Amino acid sequence: MEALKEVYITAAGKFLPGPPIPNDEMEDYLGRVNGKPSAVRRRILESNGIKTRHYAMDKNQQTVYQNSTMAALAVRDALGKSETDAHELDLLAVGTTQGDLPLPGMASMVQAELGLPPLEILTTHGVCCAGMTALKSAYNQVKLGEKSNAVAVASEFSSRLFKHTRFESYKKVSFETEFLRWMLSDGAGAFLLQPQPSRGELNLRIDWIELTSYASCYDLCMYAGTNKVDGKPGPGWQDYPTYEAAAAAGAIDIKQDIRLLDNIMKVGVDGFVRLIVGGRLDPARIDHVLCHYSSHFFRQ
């Protein structure tokens with residue numbers, strides 16, 4: 001049996017649409033619902049501590065870059081820092097919360113956007129984890145020797161879900177949706193993975209990636225396509241008699257049950273403890289921890 005390969009991140013790329021938008025200008029891009037400023041915007045922004053966003057739409061809420069376009073631009077940026085040509089890629093793994101189309105998968109759209117020849121592709125779908133699941137799949141294939149190189153890219157275009165025109169028929173925008181209006185941003189990032197380091201460049205070796213889902217332990221937290229009924233998912237958007245009925249009921253809107261957010265810290269700590277007990281992590285050997293959290297509220 002052939003020995004497992006080492007896996008290195010040999011190049012990284014990104015695409016951030018447009019200039020950074022400060023908090024005071026956010027509503028100029030998302031729009032004011034029925035012409036009125038948000039009553040909760042300032043409180044949410046003070047809590048999350050985020051200073052700027054990038055939006056892939058303009059102040060008229062018109063799309064400037066498709067989600068697949070941003071992903072493709074991030075891939076081109078990564079490849080432009082390497083000696084690998086796009087036509088040499090063996091695997092394209094793409095993660096996103098929501099692509100431009102319900103079908104086909106986002107990876108198909110990115111492959112077409114890049115003009116790649118036939119190759120293996122993978123679309124991973126989720127919320128915050130989509131990029132990491134794409135990365136792990138690419139990592140596994142390179143480590144096994146199935147592929148000589150792979151690109152993992154994650155891209156999000158959340159702002160168009162929050163344009164003001166989507167909510168102007170409502171008596172009130174739910175807090176679960178309003179909360180996310182002032183949290184999310186658009187953009188894409190990509191890694192090129194290879195079994196040997198690139199000469200003369202900084203290379204990051206991936207030793208392992210651990211992913212754990214707690215979906216069976218908690219109620220639905222961040223979601224779109226339904227409304228909660230007594231804390232549980234109600235009918236899905238495709239169960240409504242018409243698309244218009246699903247939209248009118250707010251079933252299509254993206255939402256987050258903020259009452260569940262404290263559990264993020266619990267499962268994060270639980271995950272670290274299990275890795276230490278299992279011997280995968282030695283705290284004495286760690287000098288940097290890069291921790292992703294969605295809001296400065298959690299920093300304490």
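Remember, predicted model here, so these are calculated numbers, not experimental data.
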When you measure from the side chain of [X] to the backbone N and O of [Y], does any donor-acceptor pair fall under 3.5 Å?
| X | Y | value |
| --- | --- | --- |
| N203 | S198 | yes |
| D85 | H87 | yes |
| D90 | E120 | no |
| D282 | A284 | yes |
| E27 | S38 | yes |
| T226 | A251 | no |
| R76 | A86 | no |
| S47 | R43 | no |
| Q61 | K59 | yes |

Would one find more than 12 heavy atoms of other residues, nucleotides or ligands at under 6.0 Å from atom [atom1] of [X]?
| X | atom1 | value |
| --- | --- | --- |
| F191 | CZ | no |
| R42 | CZ | no |
| Q98 | CD | no |
| K5 | NZ | no |
| F175 | CZ | yes |
| E83 | CD | no |
| H54 | NE2 | yes |
| Y243 | OH | no |

In the single-linkage hydrophobic clustering (I, L, V, M, F, W, Y; side-chain heavy atoms under 4.5 Å), do [X] and [Y] co-cluster?
| X | Y | value |
| --- | --- | --- |
| V33 | I254 | yes |
| I209 | V142 | yes |
| L116 | V110 | yes |
| Y139 | I9 | yes |
| V64 | F15 | yes |

Nearest non-hydrogen partners of [X] and [Y], listed with the distance:
| X | Y | result |
| --- | --- | --- |
| G13 | K81 | CA-NZ, 4.3 Å |
| A107 | L122 | CB-O, 3.4 Å |
| K228 | L260 | NZ-CD1, 3.9 Å |
| S68 | M109 | CB-CB, 3.8 Å |
| E156 | M70 | O-CE, 3.3 Å |
| A190 | V151 | CB-CG1, 4.5 Å |

- [ ] Take C221 and L261, measure what side-chain contact (heavy atoms from CB on, under 4.5 Å) needs, and give me the verdict at the end.
- [x] CA-CA 8 Å; C221 182; L261 290 181; 4.0 Å; yes
Would you check if [X] and [Y] make a side-chain contact, meaning some heavy-atom pair closer than 4.5 Å?
| X | Y | answer |
| --- | --- | --- |
| K232 | L220 | no |
| H292 | L290 | no |
| T52 | I21 | no |
| F157 | T63 | yes |
| K136 | T124 | no |
| S158 | D186 | yes |
| M183 | Q256 | no |
| T10 | T84 | no |

For the [atom1] atom of [X] and the [atom2] atom of [Y], what is their distance to the nearest 0.5 Å?
| X | Y | atom1 | atom2 | value |
| --- | --- | --- | --- | --- |
| D207 | K143 | CG | NZ | 7.5 Å |
| L192 | D77 | CG | CG | 12.0 Å |
| N149 | Q196 | CG | CD | 8.5 Å |
| I44 | I258 | CD1 | CD1 | 8.0 Å |

Open item on the list: Taking ring-ring contact (aromatic ring centres under 6.0 Å, His included) as the definition, give me every residue that meets it alongside W182, ordered by chain and number, with sequence neighbours left out.
Closed with: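 Partners of W182 by the ring-ring contact (aromatic ring centres under 6.0 Å, His included) criterion come out as none, since no residue qualifies.
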Would you kindly say whether [X] and [Y] are connected by a side-chain donor-acceptor distance under 3.5 Å?
| X | Y | value |
| --- | --- | --- |
| D270 | Y214 | yes |
| Q66 | E113 | no |
| N67 | S155 | yes |

Open item on the list: Using a strict threshold of under 4.0 Å (side-chain N to carboxylate O), is an ion pair present between R181 and D253?
Closed with: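 No, no charged N to carboxylate O under 4.0 Å.
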Open item on the list: Looking at K255 and D257, is any side-chain nitrogen of the basic one under 4.0 Å from a carboxylate oxygen of the acidic one?
Closed with: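 Result for this pair is no, no salt bridge flagged.
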- [ ] Just say parallel, tilted or perpendicular for the rings of Y29 and Y55, cut-offs at 30° and 60°.
- [x]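 Because their plane-to-plane angle lies in the 30° to 60° range, the rings of Y29 and Y55 count as tilted.
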- [ ] Please work out which of the three classes, parallel, tilted or perpendicular, describes the rings of F167 and Y170, given edges at 30° and 60°.
- [x]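 Taking F167 first and then Y170, their aromatic rings stand perpendicular (interplane angle over 60°).
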TODO: List the steps and the verdict of side-chain contact (heavy atoms from CB on, under 4.5 Å) for M106 and V153.
DONE: CA-CA 11 Å; M106 175 84 159; V153 56; over 6 Å; no
Task: Chi angles and distances behind the side-chain contact (heavy atoms from CB on, under 4.5 Å) call for V267, Y218 - done: CA-CA 11 Å; V267 299; Y218 300 95; 3.7 Å; yes
